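All values derive from a computational prediction rather than experimental measurement. Hydrogens, waters and symmetry mates play no part in the numbers below; they use all other heavy atoms, side chains included.
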Amino acid sequence: MSQRLLDSSDVLVICGPTAIGKTGVAMAVQDALGGREHAQLISADSALIYRGMDIGTAKPSTAELEQYPHKLIDILEPTASYSAAEFVAAADAAILQALEQGKKPIVVGGTMMYLKCLSEGIADLPATDLATRSALEAELLDQGAEVLHQELTQRDPIAAAGIHSNNHQRLLRALAVIRATGNALSAQWASRASGTLLQRTGCTSETVIMMPANRALLHLRIAQRFEYMLGAGLLAEVQALMSRGDITRDMPSMRAVGYRQAWSHLSEEIDKQTFVEQGMAATRQLAKRQMTWLRKWPEGAVVTSDDPQEALGVIV
């Protein structure tokens, strides 16, 4: 096994088009590292964040999530919206928490904007004045890091959970921003995810890009998975969401492939055959857009294969 894979401060990113087998590979990497005590899976999927959307998103089963816990799955109701900046803030916190626990962070998913922003950042955090910084440095010498970390915990528990008291640079930076603006740092992360992953967390990253060797085979997998979703109760799942009364088809959650087509069918706007055809076509189009993004990815180990085991072999 490579030394870099064993290095918990090096984030492993596994990405690729839908239905190529990313989740299975990520789970196998966790196994290779010794299980859930040694690795933390972090989802980078804009549909898996929603509770009650399980079948149409190909969400890991309850049993799988028990054995392979994922951060950032089932964190919001389908009525909520979620920005790329909010994802970056949450993913950073999950990565830092994994580091605190001595676990390898493994980010897996196919929402390309999430992954791009996680790697490159979005915008700059507010500047802090020299007087505030100097005062904090004096307090650090006089009172110690634990006292300052307690202040951070009181004012911003989310940020404090991801910043160790021994990391003086990040601790002072967080408190400086809070004192200068009066706002929690985590709230500002959500709107201004600044800097690269390395600048924000101190972590390097390695990306493995899974690409199909035979696109027709990927399309076949998409069709088979869609048929499986239908048999597993996709239409009943969407009907239950529609029946809640607080969800509309215009919400971001209902724009997920499969869901908007199912909504149209259940509203008697299209017949079942049309729904199935449109759902599969939309999934193929999603895969095409994802592959377009990935071909332009600045760096990463590209594994072109129809066998997910080859991607696992490259990683390990």
Look at the side-chain heavy atoms of Ile, Leu, Val, Met, Phe, Trp and Tyr, link any pair under 4.5 Å apart, and say whether [X] and [Y] land in one connected group.
X	Y	answer
Ile49	Met113	yes
Met53	Leu48	no
Leu286	Met229	no
Ile73	Met27	no
Val257	Ile55	no

Determine whether [X] and [Y] make a side-chain contact, defined as any pair of heavy atoms from C-beta on separated by less than 4.5 Å.
X	Y	answer
Asn214	Pro212	no
Val314	Glu310	no
Val29	Leu5	yes
Leu197	Ile95	yes
Glu77	Asp246	no
Met112	Leu294	yes
Glu227	Val276	yes
Met291	Leu218	yes

Tell me, which pairs form a ring pair (Phe, Tyr, Trp, His ring centres under 6.0 Å) where one or both residues lie in residues 225-260, sequence neighbours left out?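 Residue pairs with at least one partner in residues 225-260: Phe226-Phe275.
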Between [X] (side chain only) and [Y] (backbone N and O only), is there a donor and an acceptor less than 3.5 Å apart?
X	Y	answer
Gln101	Ala98	no
Glu237	Gly56	yes
Gln199	Thr196	yes
Lys104	Asp10	yes
Asp306	Ala213	yes
Arg51	Asp74	yes
Lys22	Gly16	yes
Ser305	Asp307	yes
Arg249	Met242	no

Gap separating the [atom1] atom of [X] from the [atom2] atom of [Y], nearest 0.5 angstrom:
X	Y	atom1	atom2	result
Leu33	Leu6	CG	CG	6.5 Å
His265	Gln273	NE2	CD	11.5 Å
Lys103	Gln97	NZ	CD	7.5 Å
Glu151	Leu171	CD	CG	9.0 Å
Leu41	Leu12	CG	CG	9.5 Å
Leu136	Leu140	CG	CG	8.5 Å

Heavy-atom pair of closest approach, residues [X] and [Y]:
X	Y	value
Pro17	Met211	CD-SD, 4.4 Å
Pro78	Met251	O-SD, 4.0 Å
Pro69	Gln30	CD-OE1, 4.4 Å
Ser8	Pro105	O-CD, 2.9 Å
Leu118	Val88	N-CG2, 3.7 Å
Arg4	Ser205	NH2-O, 3.2 Å

Test side chain to side chain donor-acceptor pair (under 3.5 Å) applied to Asp250 - qualifying residues, sequence neighbours left out: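 By the side chain to side chain donor-acceptor pair (under 3.5 Å) rule, Asp250 matches no residue at all.
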I would like to know whether Trp263 and Ile247 meet side chain to side chain contact (heavy atoms under 4.5 Å, CB included); could you show each step before the answer? CA-CA 11 Å; Trp263 190 296; Ile247 298 174; 4.2 Å; yes
Donor-acceptor pair between Glu146 and Gln150 side chains, under 3.5 angstrom: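 The answer is no; no qualifying pair exists.
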Just by distance, no angles: are the side chains of Arg244 and Thr79 close enough, under 3.5 Å, to form a donor-acceptor pair?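 Arg244 vs Thr79: no donor-acceptor pair found between side chains.
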Identify the residue among Thr57, Leu241, Leu76, Asp45 that makes a side-chain contact (heavy atoms from CB on, under 4.5 Å) with Tyr50.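 Only one option passes, and that is Leu76.
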Could you list the cluster mates of Val147? Members are the ILVMFWY residues connected by side-chain heavy atoms closer than 4.5 Å, either directly or through other members.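 None, because no other hydrophobic side chain comes under 4.5 Å of this residue.
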Side-chain hydrophobic cluster, 4.5 Å single linkage: members besides Leu217: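 Direct or chained contacts put Leu217 with Leu220.
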Pairwise side-chain hydrogen bond (donor to acceptor under 3.5 Å, both in side chains) hits with a residue in residues 105-116, at least two apart: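 For residues 105-116, and leaving out neighbouring residues, the side-chain hydrogen bond (donor to acceptor under 3.5 Å, both in side chains) pairs sorted by first residue read Ser46-Thr111, Lys116-Glu120.
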Residue pairs fulfilling side-chain hydrogen bond (donor to acceptor under 3.5 Å, both in side chains) with at least one residue in residues 278-303, sequence neighbours excluded: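 Sorted pair list comes back empty.
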Would you call Arg179-Glu139 a salt bridge at under 4.0 Å N-O?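 Salt bridge: yes.
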